[in-house]
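A short write-up of the structure that comes next.
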Protein chains: 2
Amino acid sequence: MFSKSCEYAIKATIYIAEQAGFDKRVGLKEIAQAIDSPEAFTAKILQQLSKNRIVDSVKGPSGGFSMDKKNLEVLKLSQIVKAIDGDSVYKGCGLGFNECSEKKPCPVHYKFKTIRDELRNMLETTSVKDLSMNLNKGLAFLKK
Amino acid sequence: MFSKSCEYAIKATIYIAEQAGFDKRVGLKEIAQAIDSPEAFTAKILQQLSKNRIVDSVKGPSGGFSMDKKNLEVLKLSQIVKAIDGDSVYKGCGLGFNECSEKKPCPVHYKFKTIRDELRNMLETTSVKDLSMNLNKGLAFLKK
DNA sequence: AAATTAAAGGATAATTTTATCCCTTAACAT
DNA sequence: ATGTTAAGGGATAAAATTATCCTTTAATTT
């Protein structure tokens with residue numbers, strides 16, 4: 001569904017959001033441990049998230065990554081996915097055609113349309129807060 | 001959604017099915033041209049499809065690939081996908097956890113569940129005949 | 001039976017994705 | 001101001017995926 005990078009990005013964002021809820025700023029090392037991801041690779045992804053203003057970062061002692069609490073409801077899964085994987089998930093054709101459309105549908109077009117539309121809708125309506133709330137309730141887990 | 005290999009596999013199968021409808025056996029070269037895929041790579045994929053009895057192959061002159069007409073309604077998209085990509089699509093977690101389940105749901109589990117279930121259902125109910133029929137009606141296309 | 005044709009299969013290469021290393025830059029603490 | 005800390009960023013490496021080449025095997029045709 002998503003690239004590994006994107007999976008890490010989602011996990012990292014959820015973790016940062018969770019900690020931001022406690023007004024905690026968290027460092028790369030802590031994040032990588034929490035979501036069980038390779039540190040250096042995660043650093044790259046956090047850079048992208050930071051550039052895309054999905055998280056904010058501060059250098060130096062007691063620095064690290066955090067998020068604007070007020071933004072947690074507004075920030076949608078779709079924005080993370082877009083920042084890392086682009087819009088391939090949205091406009092991607094089931095058979096990899098890029099000209100695939102309503103007017104020139106590929107053989108699987110109509111079969112896939114519903115599902116991709118729903119996926120899009122789900123990503124666009126699910127906020128980071130939705131996900132981190134689940135996490136706090138113990139209904140879900142982040143680390144393998 | 002699927003690997004490139006899987007995309008080629010679906011396209012190739014649809015094309016072979018279409019031609020099998022005319023009782024035509026088709027060769028690698030023709031298939032690769034029809035679906036606009038690299039020939040040698042497509043050969044590998046056809047080997048897998050053949051091993052999985054999704055298509056049948058005959059060597060030598062007037063050989064090539066074909067399918068049992070009677071099977072076109074029975075053969076589902078899911079079988080092609082499984083033969084090439086395994087069952088990652090079915091049991092794949094949105095965040096890449098392999099222990100993700102009802103009992104131990106990842107943060108996106110419930111959000112993704114519906115969509116993955118629908119995808120699974122769609123793949124398991126869509127027959128190759130459904131797709132090749134569309135193609136014949138000119139409603140869809142195979143070659144870019 | 002021999003020649004020809006086309007798939008099967010092994011080895012290898014190119015590309016993309018994932019991952020690591022190390023040096024630079026910026027923020028904070030003293 | 002200086003040292004320490006942590007993110008930023010460039011270069012490189014490893015792994016996986018995609019792709020090609022070439023030899024072998026098995027059919028069909030003559």
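Every chain is numbered from 1 and lettered A, B, ... according to where its sequence line falls, protein lines coming before strand lines.
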Can you tell me if NZ on B/Lys129 sees more than 12 non-hydrogen neighbours from other groups inside 6.0 Å?
no
Does the side chain to side chain contact (heavy atoms under 4.5 Å, CB included) test come out yes or no for A/Val26 and A/Ile16, once each step is laid out?
CA-CA 7 Å; A/Val26 285; A/Ile16 295 168; 4.0 Å; yes
For A/Ile31 and D/dG8, give me the distance from atom CD1 to atom P, rounded to whole Å.
10 Å
In residues 1-12 of chain B, what residues come within less than 4.0 Å of DNA chain D, judged by heavy atoms?
B/Ser3, B/Lys4, B/Ser5, B/Tyr8
Taking for each residue the nucleotide of DNA chain C with the nearest heavy atom, is it B/Ala43 or A/Thr42 whose nucleotide lies nearer the 5' end?
B/Ala43
Rounded distance (Å) that lies between atom C1' of D/dA16 and atom CG of B/Asp85:
13 Å
Any Lys/Arg nitrogen of A/Lys11 or A/Glu7 sitting under 4.0 Å from an Asp/Glu carboxylate oxygen of the other?
no
Between D/dT5 (P) and A/Lys29 (NZ): distance, integer Å:
10 Å
Cluster question for you: counting only ILVMFWY and a side-chain heavy-atom cut-off of under 4.5 Å, with indirect links fine, are B/Ile84 and B/Phe41 together?
yes
Just the rounded figure in Å: distance from C1' of D/dT18 to CD of B/Glu39.
16 Å
Shared hydrophobic cluster, B/Val128 / B/Met122 (ILVMFWY, side-chain heavy atoms < 4.5 Å)
yes
Please list residues of residues 45-57 of chain B whose heavy atoms come under 4.0 Å from any atom in DNA chain C, ordered by number; otherwise none.
B/Gln47, B/Ser50, B/Lys51, B/Ser57
Please report, rounded to the nearest Å, how far the P atom of C/dA7 is from the CD atom of B/Glu30.
10 Å
Counting only heavy atoms from other residues, nucleotides and ligands, does the tally under 6.0 Å from CD of A/Glu118 exceed 12?
yes
Is it the case that the ring center of B/Phe2 lies less than 6.0 angstrom away from the ring center of A/Phe112?
yes
Reading nucleotides 21-30 of chain C 5' to 3', which nucleotides get B (base under 4.0 Å from a protein heavy atom), which S (sugar-phosphate only), which -?
----BBBB--
Check for me whether B/Lys104 meets the cation-pi criterion with B/Phe97, that is, NZ or CZ under 6.0 Å from the six-membered ring centre and within 45 degrees of the ring axis.
no
How close or far is atom P of C/dT18 from atom CD1 of A/Ile35, stated in whole angstroms?
14 Å
When you measure from the side chain of A/Arg25 to the backbone N and O of A/Gly63, does any donor-acceptor pair fall under 3.5 Å?
no
Let me know the distance between CD of A/Gln33 and C1' of D/dA6, rounded to the nearest Å.
15 Å
Please assess A/Asp56 against A/Ser66 for the test side-chain hydrogen bond (donor to acceptor under 3.5 Å, both in side chains), listing each intermediate value before the final yes or no.
CA-CA 5 Å; A/Asp56 74 272; A/Ser66 192; 4.8 Å; no
Rounded to the nearest angstrom, tell me the gap between atom CD1 in B/Ile84 and atom P in D/dT18.
11 Å
Between the main-chain N or O of A/Ser57 and the side-chain N or O of A/Lys59, is there a donor-acceptor pair closer than 3.5 Å?
no
